[in-house]
There are 2 protein chains.
Amino acid sequence: MFLSTTTNNRDAKGRVSVPADFRAVITAQAQGRDAAFDGIIVRPSFSGECLEGGGEQLFEAYRASINALDYFDPNREAMEQAIFGESRRLPFDSGGRVSLPHDLADMLGFNGRVTFVGLGDRFEIWPPEVHEARAVQMRKLASENRHLLKPITPVMPAMSQKS
Amino acid sequence: MFLSTTTNNRDAKGRVSVPADFRAVITAQAQGRDAAFDGIIVRPSFSGECLEGGGEQLFEAYRASINALDYFDPNREAMEQAIFGESRRLPFDSGGRVSLPHDLADMLGFNGRVTFVGLGDRFEIWPPEVHEARAVQMRKLASENRHLLKPITPVMPAMSQKS
DNA sequence: TTGTATCCCATAAAAACCCATGTTATCCCA
DNA sequence: TGGGATAACATGGGTTTTTATGGGATACAA
């Protein structure tokens, strides 16, 4: 599960460190599957304001979801284009960095620093200022609607007490 | 189940001992799941006055709850941001401590001592003075409204006492 | 060449790890 | 039931490892 928010530098070569715990999540996902690719996959979000990213697992999930659509459904083609056509593999270098292509950086307005936001199954990459402004709003909205969150912690399966 | 209230020191390195019985709860939860992570996860509460924390189980429950929201519900994005984006994994060291990041400590006003309050499925972390003041009010409010508590003690299935 | 991507090495700061100690709680046994 | 032995816990400090980050050297393509 991707958690927390981290802001890292994007250097002159376009390289950015992927937060270590994100890397750990991806590496863990990579176990238990053929998993050749060591890196992240990103694509412009539907809103166009940020990049959406994850490991190969996330995009496998998208594939399964898209495969559930009818083969000749025009929406399917649109999804295929938007999800698969627009995404990029960004391999880790030896230090756990990826290089964020210039065209994507330009599109999103990255200038020096980028913010990784963990969102459970996936993460997003934002220009720090844009994210900060948005986070304030989201926090407010979430707080106002927190009743939507059902605290559904499962009852534990008979915790075995030792004698 | 997280129970009781404990106040521990936060040392110069930002380390705080998680109460031993809280650790026991988390360890017990960690059995019976893949459970790689050994530690707690915390995030600023909606009120912003304290940290809310729990084991990975709590946040899995949040995930399930959030997944139940419609994919394009703006509330869902807000929840993802507020819950996942703002939370942090705090791994235990060998002595059962976590290090409480400076930015969170500053945000909440921790200066040396922190209070863990068990709340059943989760716990909260407060500056001791703030918690103490609040506890008085809560106690009063709870007392005034104690009629809301249904007497739910289940009828015990004839507990067989020997001797 | 010139720009771009990849690989390797260096480093300061932060995080994780290891060991030590006083104090409290728990156990055991007479 | 008293009290000493034992274990568990909270806490401190030093050391090692990771992490984020920079820069140079190399390979490739436009």
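Throughout, protein chains are lettered first and strands after them, A, B, ... in sequence-line order, and every chain is numbered starting at 1. We use all heavy atoms of the structure for the numbers below, so side chains are in, but hydrogens, waters and symmetry mates are not.
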Under 4.0 Å, counting only non-hydrogen atoms across every strand here, what does B:R23 touch: a base, just sugar-phosphate, or nothing? sugar-phosphate
Checking all strands, does A:V18 fall into the base, sugar-phosphate, or nothing category for heavy-atom contacts under 4.0 angstrom? sugar-phosphate
Can you check the [X] [atom1] to [N] [atom2] distance for me, whole Å?
X: B:R15; N: C:dC17; atom1: CZ; atom2: P; value: 12 Å
X: B:L104; N: C:dA14; atom1: CG; atom2: P; value: 16 Å
X: B:L100; N: D:dT11; atom1: CG; atom2: P; value: 13 Å
X: A:R10; N: D:dG23; atom1: CZ; atom2: P; value: 15 Å
X: A:F22; N: D:dA20; atom1: CZ; atom2: C1'; value: 15 Å
X: A:D21; N: C:dA15; atom1: CG; atom2: P; value: 12 Å
X: B:D11; N: D:dG12; atom1: CG; atom2: P; value: 5 Å

Cationic N near anionic O, under 4.0 Å, [X] to [Y]:
X: A:R43; Y: A:E86; answer: no
X: B:R88; Y: B:D103; answer: yes
X: B:E129; Y: B:R113; answer: no
X: A:E80; Y: A:R63; answer: no

Side chain of [X]: nearest nucleotide among [options]?
X: B:S17; options: C:dC18, D:dA20, D:dA10; value: D:dA10
X: A:A20; options: D:dG14, D:dA10, D:dA20; value: D:dA20
X: A:R97; options: D:dA10, D:dT21, D:dT19; value: D:dT21
X: B:N8; options: D:dT19, D:dT15, D:dT11; value: D:dT11
X: B:K13; options: C:dC8, C:dA5, D:dG13; value: D:dG13

Is the charged tip of A:R89 near the ring of A:F37: under 6.0 Å from the six-membered ring centre and within 45° of its axis? yes
Among side-chain atoms of A:R76 and A:N67, is any donor-acceptor pair under 3.5 angstrom? yes
Nucleic acid contacts of residues 86-95 of chain B, taken as heavy-atom distances under 4.0 Å to DNA chain C: B:P91, B:S94
Does any nucleotide pair with C:dA30 by Watson-Crick or G-U wobble geometry, both distances under 3.5 Å, and what is it? D:dT1
When you measure from the side-chain N and O atoms of B:N9 to the phosphate of D:dA10, is any distance below 4.0 Å, counting only OP1 and OP2? no
With the side chain counted from C-beta on, respond yes when B:V117 and B:W126 share a heavy-atom pair under 4.5 Å apart, and no when they do not. yes
